[in-house]
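Accompanying notes for the structure given below.
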Amino acid sequence: MNLFYKSTRGGQEDIAASAAIIQGIATDGGLFVPETIPILQESLENLQKLSYQELAYEIMKYFFTDFTEEELRNCIQGAYDEKFDTFLIAPVVSTSKASFLELFHGPTLAFKDMALSILPYLLKTAVNKQKIDKEVVILTATSGDTGKAALEGFANVEGTKIIVFFPEDGVSPVQKQQMVTQKGNNTYVIGIKGNFDDAQNGVKAIFTDIVFQDQLLEKGYLFSSANSINIGRLVPQIVYYFYGYFQMIQQGNLILGEQMNVAVPTGNFGNILAAYYAKKMGLPIGKLLCASNDNKVLYDFFETGIYDQKRDFMVTISPSMDILISSNLERLLYHISGDDPTQVKMWMEQLKTEGSYQLNEEMQEKLNNFYGGYATENATRESMKDLFAKTSYLMDPHTAVGYEVYSQYQSVSKDPRPTLIISTASPYKFTKSVMESIDNKYSQWDDFELITEMQNISKVQVPKTIQTLEKDEILHKTVCEVNEMKEAVAQILGV
Ligand SMILES: *Cc1c(COP(=O)(O)O)cnc(C)c1O
């Protein structure tokens with residue numbers, strides 16, 4: 001059976017998965033959603049012994065129905081290989097306090113690799129299927145991790161160019177160094193004088209600029225997005241919730257069929273939305289704990305039913321979650337509204353013109369599987385320190401936000417169901433904030449000294465990519481104003 005994709009705002013005809021992957025965002029500014037979320041046909045029992053790659057096929061085949069089995073398996077084999085430093089790809093590590101699904105074993109040390117290692121393969125296959133003879137230009141805004149993961153995924157992929165915009169002063173030193181040293185003759189990295197939301201809005205504006213798109217088409221270029229609004233990123237993320245669940249069973253934390261909760265450090269709402277899709281497919285997930293940092297728009301949203309972006313943007317130690325407009329929430333709104341694009345469009349227009357929108361009570365009711373929480377900077381630091389003291393397990397600041405919200409939820413709810421905490425980055429990617437939080441004495445040390453020290457105290461080996469990073473040559477130096485982003489793209493492409 002073929003599954004088609006619709007725009008959440010109803011302004012575009014339904015299209016196949018491959019077309020939705022290429023297009024990235026719908027022409028009316030909406031996001032692509034499957035016409036229905038497929039229900040798993042196989043029993044969980046039959047899936048539980050599969051390798052990551054095998055399981056990935058069994059899940060993704062429901063969504064990418066216009067890919068042949070061979071095509072999809074090839075994409076999976078290309079993506080989940082020795083680029084990851086463990087054959088498990090996404091291992092669950094259980095401590096005496098909690099279980100962590102570590103999604104940071106890919107080349108850029110953050111969970112974005114889970115989807116961005118496969119997206120280039122999906123996109124190339126999709127372009128062939130749709131018989132498009134244009135060069136695909138990947139345009140991406142990043143809060144730090146997407147950019148590098150996308151660069152790594154698309155570097156030197158024939159028939160593509162990748163342009164990444166990042167907030168100049170809004171990413172960690174390691175994140176920045178990772179991006180500006182990116183190799184590959186088709187990679188472009190540009191800092192902007194603004195925050196992530198500015199970068200994301202700038203990219204969205206370029207995407208919906210029809211005149212500009214036509215100019216580029218004439219030149220032989222086709223835009224696509226590697227941001228988490230692309231359905232080709234969302235779907236691969238569903239897989240690891242199943243995989244994590246099965247490991248929880250193997251480790252004796254759960255019995256097959258029993259529910260687990262998940263705690264997800266959230267920014268653009270992509271990762272937690274994938275958990276929601278997994279639940280809808282039939283994975284026994286109970287509560288979805290949506291964890292925010294001081295940019296707690298989502299916490300307020302789940303509390304009050306009001307989404308209000310009119311507030312100060314905070315720069316925190318979990319920069320990949322410093323976001324006030326969580327794009328993927330639009331997909332959840334679509335589903336809870338009973339697939340009502342008119343309603344979604346109204347909310348999104350209100351968000352654009354007034355900076356906020358409000359759900360009615362009936363809609364709010366439908367969010368009761370979610371629990372919104374947030375961690376202040378202090379609480380985040382304390383939880384890194386505390387968990388390390390008790391278990392010797394080092395969390396990065398994003399994961400710590402998830403852990404902190406899980407602890408808060410646990411103490412108010414006494415929910416007996418085991419929780420899987422989604423660990424989204426390696427502590428090595430945020431060495432400074434992690435080490436400072438553990439012990440104040442480290443605040444004087446520089447980032448690269450701290451890396452060695454982190455290895456000493458955590459007994460977790462420094463990842464290979466980090467070892468060479470300091471010496472890598474800086475290849476990208478362009479910085480531009482927010483309103484110059486389109487110009488920068490035009491220049492790169494010679495339009
Ligand atoms: C991107 C990112 C997040 C937020 O994930 P979303 O899917 O945008 O909600 C959390 N932690 C890290 C380390 C990230 O890179």
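Whatever order the structure lists them in is the order used to number ligands and atoms, beginning at 1. Residue numbers start at 1 and run along the sequence shown. If you're wondering where the values come from, they're calculated on a predicted model, not measured in any experiment.
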Decide, yes or no, whether a salt bridge links D145 with K429 under the criterion of side-chain N to carboxylate O below 4.0 Å.
-> yes

Does E377 pair with R381 as a salt bridge, N-O distance under 4.0 Å?
-> no

Identify which one of Y243, F87, Y52 satisfies the ring pair (Phe, Tyr, Trp, His ring centres under 6.0 Å) criterion when paired with Y80.
-> Y52

Salt bridge present between K83 and D113 (N-O < 4.0 angstrom) = no

For ligand 1, protein residues within the heavy-atom limit of under 4.0 Å are F111, K112, D145, P265, T266, G267, N268, F269, G270, N271, S320, M321, H398, T424, A425

With sequence neighbours left out, write down each residue that passes ring pair (Phe, Tyr, Trp, His ring centres under 6.0 Å) with F63, or none if nothing qualifies.
-> none

In sequence, state the C-alpha distance, the side-chain angles, and the governing distance for T399 and Y403, and then conclude on side-chain contact (heavy atoms from CB on, under 4.5 Å).
-> CA-CA 6 Å; T399 308; Y403 178 74; 5.5 Å; no

